[in-house]
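None of the values given here were measured: they were computed from a predicted structure.
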Amino acid sequence: MEKKNKGFETKRLSIGFKIGVIAALLHLGLAVYAFSTYINSCSSTASLVFIIFFFLDAPFLLLPRDIFTVFGKASPLILYGFFGSMMWFFIPYLIDKIVVFPFPKTIKAVRAVIVLAAIGLIFWGFKNSTHFLISHSIKQERPSELKKSLNKESSGFLSENIIFDSNQFSLISIINLAAENKNQSIISLRNQVIFIDENFKEQRRINFGNSGFISIQPFTFDANDTLRFLAHKNNEGVYVFDQNGNELWNFTQKSKHSISIDGAGLGDVDGDGKKEVVLFFRYTNGITLLDSSGNIKWTHPVIAIGKVEMADVDNDGAEEIIYTNSNNASGKTSFEILNGKGESIKKLEVATKSYEFALIKWQSEAYNILLTEENKIRIINLNGEAVISLDAPGCREYGNVQTAIVKFANNQKPYLAVKKKLHPDLLVLYVYDYNGKLVYQKSEVYEFGSFNPPLIVKKDNQTNNEKLVTGSIRDNRAMILEYRLAQ
């Protein structure tokens, strides 16, 4: 009887069982902590706290995304807290069983080493399969309205042409196109800039080496059109270079939580004719304004920033800074406008979860706010009043949005072009006529998810008609595309 009890106790408390309990409890504690942070946050990006489980519980990425929605806001706790913890209990428990079955006399210490080594290998496998699994999950999440039209045009209203090909294999993530003078443009790649003529033929390049910049923005520094480059390096800061690629100054300050600068913009906020640099930390430090030499002029604390834009919204000759607060889980997004001294001059609360926005002058001489929402684009004025609502199949609230006002025909009213980043690898272009009718739509899937080129309007010197210019990546090569009225 005593041996039976002893044998029963050994079976219950096997080394795999013990390690499984420890692994499950650690996993459960992490899941509860993440869930507690999630439900107590007001930010619309609070779900990012669960990103670690993309590695720990990678197989769950194969499941349909809506399978746990029946549990509402508690679904992450059910998925990761219960099922994830159970998975990490059974992994060591079953590995131990597999070892004991052919080798029943294996001592506990050896079994423990085997189980722990197997756990390490399984986690390594999960980690290395995450890219594939996330790509699979992203494909599942794509808007149903776009799944049948990926990489296709909705109409023949516009013609698309490749006007520049970098002819190089590259992991290029951003392409900027900016006019230097009437006959020359600049294409900004990741670590270099290319000067091209009006026919998009390459003239020269400036190579910044293997610097790790995520963007290089050409800009005219002053009233004399002095060329400068603003480069943003991930996890470090911003650097300013002259027209020959020589560094003039840099700013690499981190927040009190060692979080680096999340974004940078350019504008003349004091009306002196020189561009200042606006930096923002998405969390904690808020907005910092640097003068034209890189010195701090002022800071404006914000807990959570959604997006920052600059425009002269009050027509006083100086640009204002407009930003949204991403703490909008309540369904309302706060807008705030700062003057050149960092003082708040206007606040606005809008019933939307879309903290991504763009400032546009279309159908109006004044700036309006463009918001992207579920299957629609909404334009409101700076008082929050509705201007127009546009159909946008497949559009969603989250993801960067860019706009351009373009006169495809010189004798017609301007069109509105909107480029929306819906997923890490999916961009959609919407084009509307002056009456708000959707006349063209194209979605495009990119292999490199961080790619997000802007929209640029260029005038045809012969016809005075305008064309829409943007970047693309095809066959691993950076390209420039143009859209003009189809013949």
Side-chain angles (χ1 to χ4, degrees), residues 1-41 45-142 424:
M1 186 72 178
E2 183 179 347
K3 290 182 179 180
K4 184 177 179 181
N5 290 338
K6 184 176 179 181
F8 178 71
E9 182 180 351
T10 302
K11 183 177 180 180
R12 283 185 55 214
L13 303 179
S14 66
I15 191 66
F17 182 91
K18 293 177 180 178
I19 295 176
V21 169
I22 294 172
L25 288 175
L26 289 173
H27 188 282
L28 178 61
L30 185 61
V32 170
Y33 175 77
F35 181 72
S36 175
T37 302
Y38 169 66
I39 61 174
N40 289 307
S41 173
T45 58
S47 58
L48 290 176
V49 298
F50 297 110
I51 198 167
I52 189 174
F53 296 102
F54 287 9
F55 301 97
L56 291 175
D57 301 341
F60 292 160
L61 294 174
L62 292 171
L63 298 175
R65 299 298 296 171
D66 57 353
I67 192 171
F68 291 97
T69 54
V70 66
F71 298 105
K73 199 167 185 177
S75 58
L77 184 62
I78 302 299
L79 176 60
Y80 304 121
F82 179 75
F83 288 100
S85 300
M86 289 296 292
M87 180 184 72
W88 279 103
F89 166 76
F90 279 109
I91 285 174
Y93 179 73
L94 293 176
I95 291 172
D96 187 40
K97 287 288 187 181
I98 293 170
V99 172
V100 171
F101 183 75
F103 306 106
K105 295 184 179 180
T106 306
I107 61 174
K108 287 185 177 180
V110 174
R111 285 159 53 193
V113 171
I114 293 173
V115 169
L116 293 174
I119 288 175
L121 286 173
I122 289 173
F123 179 73
W124 178 84
F126 283 0
K127 183 177 181 296
N128 284 275
S129 64
T130 300
H131 176 75
F132 165 77
L133 295 173
I134 288 177
S135 297
H136 173 80
S137 177
I138 287 173
K139 290 178 181 179
Q140 285 186 321
E141 290 183 355
R142 284 177 184 155

**Asked** Is Phe90 atom CZ crowded by more than 12 heavy atoms from other residues, nucleotides or ligands, each under 6.0 Å away?
**Response** no
**Message:** Would you call the rings of Phe89 and Tyr93 parallel, tilted or perpendicular, taking 30° and 60° as the class edges?
**Reply:** parallel
**Asked** Does the ring center of Phe50 lie less than 6.0 Å from the ring center of Tyr80?
**Response** yes
**Prompt:** What's the spacing between Ile119 CD1 and Ile19 CD1 if we round to 0.5 Å?
**Reply:** 6.0 Å
**Request:** Quick one: list whatever passes side-chain contact (heavy atoms from CB on, under 4.5 Å) with Tyr33, sequence neighbours left out.
**Result:** Thr37
**Full working for side chain to side chain contact (heavy atoms under 4.5 Å, CB included) between Val99 and Val115** = CA-CA 9 Å; Val99 172; Val115 169; 5.6 Å; no
**Prompt:** Nearest 0.5 Å, what's the CG-CD1 distance between Leu116 and Ile95?
**Reply:** 9.5 Å
**Message:** With rounding to the nearest 0.5 angstrom, report the CD1 to CZ distance, Ile78 to Phe83.
**Reply:** 7.5 Å
**Side-chain touch Leu79/Phe60, heavy atoms, less than 4.5 angstrom** = yes
**Item:** Spatial distance of atom CD1 (Ile91) from atom NE2 (His27) [nearest 0.5 Å]
**Value:** 9.0 Å
**Message:** I'd like to check Trp88 versus Asp57 (side-chain heavy atoms, cut-off strictly below 4.5 Å). Are they in contact?
**Reply:** yes
**Request:** Take Leu77 and Ile39, measure what side chain to side chain contact (heavy atoms under 4.5 Å, CB included) needs, and give me the verdict at the end.
**Result:** CA-CA 11 Å; Leu77 184 62; Ile39 61 174; over 6 Å; no
**Request:** Please tell me if the side chains of Ser14 and Lys97 come closer than 4.5 Å, counting only heavy atoms from C-beta onward.
**Result:** no
**Asked** Is there side-chain contact between Asp96 and Phe17, with heavy atoms separated by less than 4.5 Å?
**Response** no
